[in-house]
There are 2 protein chains.
Amino acid sequence: MGGEGHHDCRLDHCHGGGLGEHPATPELTNRLRRKSRRVTGARQAILNLLRTQSHPISIRGIFERLPQGDCDLATVYRSMHLLEGMEMVKRYEFGDGVARFELLRDGDDGHHHHLVCTRCASVVEIEECGMGQLEERMAAAYGFAAVTHKLEFFGICPRCQGV
Amino acid sequence: MGGEGHHDCRLDHCHGGGLGEHPATPELTNRLRRKSRRVTGARQAILNLLRTQSHPISIRGIFERLPQGDCDLATVYRSMHLLEGMEMVKRYEFGDGVARFELLRDGDDGHHHHLVCTRCASVVEIEECGMGQLEERMAAAYGFAAVTHKLEFFGICPRCQGV
DNA sequence: ATTCAGATGCAAATCATTTGCAATTAGTAT
DNA sequence: ATACTAATTGCAAATGATTTGCATCTGAAT
């Protein structure tokens, strides 16, 4: 397989259109190839955008931040499904009926939570979570398998308290 | 699925006649009056139906279980908003894009969680939750106020594992 | 019975998300 | 490069959950 050779990223493979400046990461390329999926400009653009975000972002948010005309809204939806299936992004739901996504970085299983301000929607990333034990206890007590959880915190951020 | 019913014997307060076949609880009446809202047949019917459910139920689910013609789907939506605002029901989101509601019984602050089967959607009610401390720590660490949380567990129930 | 703000039914409108389909393109073989 | 084929995309229309405008109706106070 791959080996330690120099990996070429075929950046020079752009045909006109508006998608010129989206370098593909070998990460993306590898994962896509593994499923005989294609490295398209839209996917690269989306992934590059996600790389600049430090908090979950909605699909509409992604679409609006993409250089206009870069790709269709439906394509963003389809891409996010694909990326989610490939475990390159993680989906969050904060209860407002809009899904938000975060890039899963190398070696990150994406297990963390959020503290969301119910007034201004600002977000703090929370690392700690003592749920592992509870999950196990739950599995034992009710016979469930593959127990996971979703945990999000809500409150009023310092700035909003002042208002 | 759970056969664990819940007895709530307040049905004896039927001021029969006049208002149709949906006895109002003094609880409902009081809370509504306090906000100059009206005790209508639809609201009574919905609340009575919720009283028979032991797990969160969707608005469509409520609508379909209501005697045909009892009320409009839009009315169920409106009623649930009202009841939620009056803290008589609690809203849950399990991530499938459909809100579900549970009746908040007397003296119940509704603080509990669920273990949801990702295959058959059966639900187990979970009482324990060691989040109180975490909430406090979170408030202290990030300066947030009124910190609450949403926590739900997902897994594969015993029956589905056998398949 | 009268009155009127709050409720409801019904249909149309929103919003997020999905999907059908014809046109386009990435990756690969020629 | 050229050709070829399946994966992708754009666009529009379809879904599905939830909301809303509006004319009509009703609860409850007088």
Side-chain angles (χ1 to χ4, degrees), chain A residues 8-20 22 24 28-46 56-64 66 68-86 91-101, chain B residues 15 17-20 22 24 28-47 57-64 66 68-86 91-101:
Chain A
D8 179 13
C9 289
R10 68 188 65 208
L11 301 184
D12 43 331
H13 209 288
C14 4
H15 316 227
L19 297 169
H22 300 298
L28 173 62
T29 305
N30 289 336
R31 298 218 201 188
L32 284 173
R33 293 266 167 78
R34 222 175 286 148
K35 297 197 170 196
S36 66
R37 257 47 212 287
R38 289 172 183 169
V39 181
T40 68
R43 288 166 188 175
Q44 294 171 55
I46 291 172
I57 180 175
S58 70
I59 285 188
R60 177 143 244 116
I62 293 173
F63 177 65
E64 285 168 357
L66 245 29
Q68 16 137 321
D70 236 26
C71 81
D72 190 78
L73 183 60
T75 296
V76 184
Y77 273 98
R78 286 190 272 230
S79 295
M80 297 318 290
H81 274 300
L82 179 71
L83 293 173
E84 190 185 4
M86 297 195 317
R91 171 191 302 258
Y92 292 96
E93 330 234 357
F94 293 159
D96 62 352
V98 188
R100 274 159 237 262
F101 297 83
Chain B
H15 53 55
L19 286 174
H22 302 296
L28 173 63
T29 304
N30 289 337
R31 298 219 200 188
L32 283 173
R33 293 265 168 78
R34 223 174 286 148
K35 298 198 169 197
S36 65
R37 259 44 213 287
R38 290 174 182 166
V39 182
T40 67
R43 289 167 187 174
Q44 295 172 54
I46 291 172
L47 222 46
I57 181 174
S58 70
I59 285 188
R60 177 143 245 115
I62 293 172
F63 177 65
E64 286 168 357
L66 244 28
Q68 5 120 331
D70 236 28
C71 82
D72 190 77
L73 183 60
T75 297
V76 184
Y77 274 99
R78 286 190 271 231
S79 295
M80 296 319 290
H81 274 299
L82 179 69
L83 293 173
E84 190 185 5
M86 297 195 318
R91 171 191 303 258
Y92 292 96
E93 330 234 357
F94 294 159
D96 61 353
V98 188
R100 274 161 239 261
F101 297 83

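Since we're looking at a predicted model, the values are computed, not measured. Side chains included, hydrogens not; waters and symmetry mates left out as well; all remaining heavy atoms used.
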Please enumerate all residues that pass side chain to side chain donor-acceptor pair (under 3.5 Å) together with B:E64, with sequence neighbours excluded.
none

Can you tell if the side chain of B:I59 reaches within under 4.5 Å of the side chain of B:R100, non-hydrogen atoms only?
no

Just the rounded figure in Å: distance from P of C:dT8 to CD1 of B:I46.
8 Å

Could you grab the distance from atom NE2 of B:H81 to atom CZ of B:R91, nearest 0.5 Å is fine?
5.5 Å

Heavy-atom closest contact (A:G95 atom, B:E93 atom, distance)
O-OE2, 3.5 Å

Does A:T40 have a side-chain nitrogen or oxygen under 4.0 Å from the phosphate oxygens OP1 or OP2 of D:dT8?
no

Nearest to the side chain of B:D72, which nucleotide is it out of C:dT25, C:dC10, D:dA28?
C:dC10

State, yes or no, whether a side-chain contact exists between A:F94 and A:P56 at a heavy-atom distance under 4.5 Å.
yes

Summarise protein proximity over nucleotides 13-20 of chain C in one line of letters, 5' to 3': B for base, S for sugar-phosphate only, - for none, counting protein heavy atoms closer than 4.0 Å.
---SBBBB

Ignoring backbone atoms, test whether A:R38 places a side-chain nitrogen or oxygen under 4.0 Å from the OP1 or OP2 oxygen of C:dT25.
no

Decide yes or no for A:K35 and A:L82: does some side-chain heavy atom of the first lie under 4.5 Å from some side-chain heavy atom of the second?
no

With axes from five pairs an end, tell me the bend angle of the helix from C:dA1-D:dT30 to C:dT30-D:dA1, nearest 10°.
20°

Under 4.0 Å between a side-chain N or O of A:R43 and OP1 or OP2 of D:dT9?
yes

Between B:S36 and B:C71, which has a closest nucleotide on DNA chain C that is more 5'?
B:S36

Is any side-chain heavy atom of B:L28 closer than 4.5 Å to one of B:L83?
yes

Could you tell me if the side chain of A:V76 sits less than 4.5 Å from the side chain of A:R60, heavy atoms only?
no

